Amino acid sequence: MSNILVVSATRSEAAHVPAELPLLICGIGKVAASIAVTRSLAAHPDPASVTVINVGTAGALRPSMAGLYVPSVVHQHDISSAALTAMGYPVVDRIELPDGDGSELATGDTFVADPAHRDALAHRAALVDMEGFAIARAAGEFGALCRLVKVVSDEADAQAMDWPARVDAVAGLLGDWLRTHVAVAC
């Protein structure tokens, strides 16, 4: 189990993570996530041997999305990649992940609760969160494997503001996934 690091933004999302797994609560947003994961991997004697598993909730950007997903791609949606690249400053804004289910996740520091914003993001991905890209990017810098495991908690609309009341029910699915699949990741 020492080569597994489970990362969650909040304790509520990690409420059902098996106690025997190492758990890092990184905080909400890309900056907090990247700092916490970088510190943890920098302190590990062999960070490239670690499998980082980010568990958490996600908003559904499309009406048919429900349940648990293991994204194959994560995008950073709130950076001006095209403009910066055009000026000669290429930006990494997309990461392919191993062993995913084909779904795509958009990560940004905006809590998406507006249907217009949701619909704009839906052209690029099916799910949205606030940490996945940063965690995958930090893990990649250390050569660590990263998997994102996301469970839909809301439809990224006004009802998303009820997230605190919904998180425990969906967090159980994350714990179940870890109990079933973590041996595969070792």
Side-chain angles (χ1 to χ4, degrees), residues 5-10 13-14 24-42 47-48 50-62 65 68-157 160-161 163 167 170 174 185:
L5 177 62
V6 178
V7 179
S8 179
T10 67
E13 290 171 297
L24 172 65
I25 303 300
C26 66
I28 295 174
K30 293 185 307 186
V31 173
S34 61
I35 290 169
V37 171
T38 297
R39 281 184 177 156
S40 182
L41 291 175
V50 175
T51 297
V52 175
I53 303 173
N54 169 224
V55 297
T57 57
L61 297 174
R62 299 178 186 151
M65 303 302 289
L68 188 138
Y69 294 89
V70 181
S72 298
V73 174
V74 62
H75 304 271
Q76 180 174 205
H77 74 74
D78 58 355
I79 190 164
S80 303
S81 302
L84 293 167
T85 299
M87 290 186 280
Y89 299 97
V91 173
V92 174
D93 67 350
R94 181 180 196 278
I95 299 171
E96 293 189 22
L97 303 163
D99 304 319
D101 58 18
S103 61
E104 296 193 23
L105 174 71
T107 297
D109 282 321
T110 301
F111 184 83
V112 179
D114 171 48
H117 191 190
R118 175 198 62 210
D119 295 346
L121 291 174
H123 293 291
R124 198 166 173 198
L127 304 165
V128 65
D129 84 338
M130 297 178 70
E131 299 82 25
F133 182 88
I135 292 167
R137 182 72 193 268
E141 288 297 310
F142 285 90
L145 179 67
C146 183
R147 296 187 78 190
L148 306 178
V149 182
K150 300 294 175 173
V151 64
V152 173
S153 59
D154 57 78
E155 294 180 6
D157 58 11
M161 298 308 291
W163 179 86
V167 71
V170 296
L174 297 167

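Predicted, not measured: the structure shown is a model, and the values here were computed from it.
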CG-CD1 distance between Leu174 and Ile53, expressed to the nearest 0.5 angstrom: 11.5 Å
Ser80 side, atom OG; Asp93 side, atom CG - distance, nearest 0.5 Å: 10.5 Å
Atom CZ of Arg62: over 12 foreign heavy atoms under 6.0 Å: yes
Asp154 side chain vs Trp163 backbone, donor-acceptor pair below 3.5 Å: no
Nearest heavy-atom neighbours spanning Leu24 and Ser40: CD2-CB, 4.0 Å
Interatomic distance, Glu13 atom CD to Asn54 atom CG [nearest 0.5 angstrom]: 8.5 Å
Distance (rounded to the nearest 0.5 Å) between Arg118 CZ and Glu155 CD: 7.0 Å
Audit row: Thr38, Phe142, side chain to side chain contact (heavy atoms under 4.5 Å, CB included) steps and yes/no: CA-CA 8 Å; Thr38 297; Phe142 285 90; 4.0 Å; yes
Worked verdict on Val74 versus Leu97 for side chain to side chain contact (heavy atoms under 4.5 Å, CB included): CA-CA 8 Å; Val74 62; Leu97 303 163; 4.2 Å; yes
Minimal non-hydrogen separation, Val70 against Asp99, with atom names: CG1-O, 3.9 Å
Atom pair CD1/OG of Ile95 and Ser72 - distance to nearest 0.5 Å: 13.5 Å
Shortest non-hydrogen separation from Arg124 to His77 and the atoms involved: NH1-CA, 3.8 Å
Closest non-hydrogen atom pair, Leu68 against Asp101: O-OD2, 4.5 Å
Taking every non-hydrogen atom, the tightest pair across Pro98 and Cys146: CD-O, 3.7 Å
Rounded distance [0.5 Å steps], CG in Leu5 versus SG in Cys26: 9.5 Å
From CA spacing to verdict: side chain to side chain contact (heavy atoms under 4.5 Å, CB included), Leu127, Val152: CA-CA 8 Å; Leu127 304 165; Val152 173; 3.6 Å; yes
Can I get a per-line list of side-chain donor-acceptor pairs under 3.5 Å for residues 128-140, giving both atom names and the distance, sequence neighbours left out?
residue: Asp129; atom: OD1; partner: Thr107; partner atom: OG1; Å: 2.6
residue: Asp129; atom: OD1; partner: Gly132; partner atom: N; Å: 3.4
residue: Asp129; atom: OD2; partner: Gly132; partner atom: N; Å: 2.8
residue: Asp129; atom: OD2; partner: Lys150; partner atom: NZ; Å: 2.8
residue: Glu131; atom: OE2; partner: Gly29; partner atom: N; Å: 2.9

Shortest non-hydrogen contact from Thr85 toward Pro90: OG1-CA, 3.6 Å
